[in-house]
Amino acid sequence: MHEKLSVQKQMNFSGVVYVQRKGKVEVKESFGYANRSHSVKNNIDTRFGIASGCKLFTAIAICQLVEQGKLSFHSKLSECLPYEFKHIDLRVTVHQLLTHTSGIPDYFDEEEMDDFEELWEQNPMYLIRKPADFLPMFSNKPMKFTPGEKFHYNNAGYILLGLIVEAISGIAFSQYVEKYIFRKAAMVDSGYFSLDSLPANTALGYIELPGKEWKTNIYSLPVKGGPDGGAFVTAEDMTKLWSQLIHCKLLNEETTKILLSPMIQANKNVFYGYGVWISKKSTGEILKYHVMGYDPGVSFHSAYYPQSSFISTICSNKSEGAFEMMRLVEEEIILEK
């Protein structure tokens, strides 16, 4: 396996591969540069942006508030938020937001737009620092379909979930996650960091350009991540998150089971729970629970395999590479067990 990883290094993968099983680290390798200008290499403890990979954090936050009796999965937008929306159906439920079945308009619809960077031509990215800052980008658009009608991946739905967390908890969304999820899971190196104020040992994201040139992604993303994406983690911290979640340390057993239940079918043998993708074998058994994230200068995959107890995390500070590395890890280590 390590030999094959070195081949992948020659393919210009930049990031970290971290595989653990029952507390034992099977693979931990780092490749490429966290900062190309200063030739600073990535290391095992480097922090990486994970884009949509952190929708799981938002789902856990909502589930914690449900456990506390402060809302339910059937609560409607009209009951949770003080905003008046022009077109958004206020009968949309928390469950529908969590499962991408709400039908609300999105600020970035991946079926309609190819380039995430285009968003910031009209919306200065340096002004997007909290969930409410996203509202003007989608709140006045018409509904896409009747709530509950079908699955359609939706980033704005998770923005609304973050606003619900803020409204109920009384603190900023990022502070809530850092206090009640990251600290509880001992994710000491993770957080929602601003691109203009990154802490030490954080990888800059890189976008490949024609002619072997590159640029950083600092003008390609919101300056601070939020409920739909943009947190920074280390691979080890993400492994801790999975471990704490599956051992019911972040939620009780009943709510953990709900979060990890296949709620809606997205593709053949692929389902969505609350903030998490669920892949099944042809026999119907669960192959893996996984999260992923792609932004300009970011690619990320992380998964828990219940039958073998493997946890695999691939963090990259380039737009591509994590999927290929995850597939290699699965073929060489995980699926053969």
Side-chain angles (χ1 to χ4, degrees), residues 1-2 4-6 8-9 12-35 40-57 60 177-178 181-193 198-206 225 229-247 250 276-277 288-295 297-305 308-330 332-334:
M1 179 63 196
H2 293 272
K4 293 214 172 187
L5 288 177
S6 67
Q8 196 68 20
K9 185 178 180 181
N12 288 323
F13 172 75
S14 180
V16 165
V17 179
Y18 195 96
V19 183
Q20 180 176 297
R21 187 187 192 197
K22 297 181 179 179
K24 179 186 177 183
V25 177
E26 301 278 347
V27 178
K28 57 176 183 179
E29 298 280 353
S30 60
F31 309 102
Y33 291 92
N35 186 311
V40 177
K41 291 185 177 181
N42 285 318
N43 58 68
I44 294 301
D45 300 318
T46 298
R47 301 173 171 99
F48 293 88
I50 64 170
S52 290
C54 58
K55 283 184 172 68
L56 177 57
F57 308 152
I60 292 171
V177 174
E178 288 167 352
I181 298 175
F182 291 174
R183 289 184 192 175
K184 287 185 70 173
M187 299 169 65
V188 296
D189 294 315
S190 301
Y192 287 83
F193 310 128
L198 292 175
N201 204 17
T202 302
L204 295 175
Y206 288 98
F232 288 82
V233 306
T234 65
E236 182 179 6
D237 273 1
M238 193 65 202
T239 303
K240 292 177 181 178
L241 187 282
W242 281 115
S243 181
Q244 293 295 295
L245 177 63
I246 62 181
H247 288 101
L250 298 174
V276 61
W277 298 93
K288 62 179 176 179
Y289 302 98
H290 56 115
V291 293
M292 66 186 86
Y294 287 90
D295 272 339
V298 176
S299 58
F300 170 80
H301 274 258
S302 186
Y304 166 63
Y305 303 79
S308 61
S309 298
F310 274 106
I311 299 172
S312 178
T313 297
I314 318 292
C315 301
S316 176
N317 58 328
K318 292 173 64 175
S319 303
E320 298 176 343
F323 172 77
E324 291 77 11
M325 290 298 284
M326 179 64 88
R327 184 171 57 186
L328 181 63
V329 167
E330 288 182 346
E332 294 299 315
I333 289 186
I334 296 169

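Annotation: side chain of Phe310 is in contact with side chain of Glu26 (closest heavy-atom distance under 4.5 Å). For the pair Ser302 and Trp242, the minimum side-chain heavy-atom distance is below 4.5 Å. Between Asp237 and Phe182, every side-chain heavy-atom pair lies at or beyond the 4.5 Å cut-off. Counting heavy atoms from C-beta on, the side chains of Val27 and Val329 never come closer than 4.5 Å. Side-chain atoms of Ile50 and Phe57, non-hydrogen and from C-beta on, do get closer than 4.5 Å to each other. Contact annotation: the side chain of Val233 never approaches that of Leu241 to less than 4.5 Å [non-hydrogen atoms, C-beta and beyond]. Phe31 has its side chain within reach of Met325: a pair of non-hydrogen atoms, C-beta onward, lies under 4.5 Å apart. Counting heavy atoms from C-beta outward, Tyr18 and Val25 have side chains that approach closer than 4.5 Å.
Rounded to the nearest 0.5 angstrom, Cys315 SG and Met238 CE are separated by 8.5 Å. Note that CZ of Phe300 is 8.5 Å distant from SG of Cys54, once rounded to the nearest 0.5 Å. Rounding to the nearest 0.5 angstrom, the gap separating the NE2 atom in His301 from the CD1 atom in Ile314 is 9.0 Å. Annotation: the span from Asn42 atom CG to Glu29 atom CD amounts to 12.5 Å, rounded to 0.5 Å. With rounding to the nearest 0.5 Å, the separation of CZ in Phe13 from CG in Leu328 is 10.5 Å. Here the CD atom belonging to Glu236 is positioned 7.5 Å from the CD atom belonging to Gln20, to the nearest 0.5 angstrom.
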Discussion item. Working note: Tyr206 + Asn35, criterion side-chain contact (heavy atoms from CB on, under 4.5 Å); need CA distance, chi angles, decisive distance, verdict.
Written reply: CA-CA 9 Å; Tyr206 288 98; Asn35 186 311; 4.1 Å; yes

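For Ile246, the side chain to side chain contact (heavy atoms under 4.5 Å, CB included) partners at least two apart in sequence or on another chain are Tyr304. For the ring pair (Phe, Tyr, Trp, His ring centres under 6.0 Å) test, no residue two or more places apart in sequence or in another chain qualifies with Tyr33. With sequence neighbours left out, Ala303 forms a side chain to side chain contact (heavy atoms under 4.5 Å, CB included) with Lys288, His290, Tyr305, Met326. Judged as a side chain to side chain contact (heavy atoms under 4.5 Å, CB included), and not counting sequence neighbours, the contacts of Arg327 are Phe323, Glu324, Glu331. By the ring pair (Phe, Tyr, Trp, His ring centres under 6.0 Å) test, Phe232 pairs with Phe193, sequence neighbours left out. When the side chain to side chain contact (heavy atoms under 4.5 Å, CB included) test is applied to Asn43, the partners found at least two apart in sequence or on another chain are Asp45, Thr46, Asn201.
Across all non-hydrogen atoms, the minimal contact from Glu178 to Gly191 is OE2-CA, 3.5 Å. Minimum interatomic distance between Leu250 and Ile181 (heavy atoms only, all atoms of both residues): CD2-O, 4.0 Å. Across every non-hydrogen atom of Asn317 and Gly15, the tightest pair is OD1-N, 4.2 Å. Between Ala235 and Val16, the closest heavy-atom pair is CB-CG1, 3.7 Å. Nearest heavy-atom pair, Ser319 versus Gly297, reported as atom, atom and distance to 0.1 Å: OG-N, 2.8 Å.
The backbone N or O of Lys318 sits less than 3.5 Å from a side-chain atom of Ser299, completing a donor-acceptor pair. With hydrogens and angles disregarded, a donor-acceptor distance shorter than 3.5 Å links the side chain of Ser316 to the backbone of Ser14. Counting only distance, with no hydrogens or angles, the side chain of Lys240 and the backbone of Ala186 share a donor-acceptor pair below 3.5 Å.
For the residue pair Asp189/Thr234, the side-chain donor-acceptor check at 3.5 Å is not satisfied.
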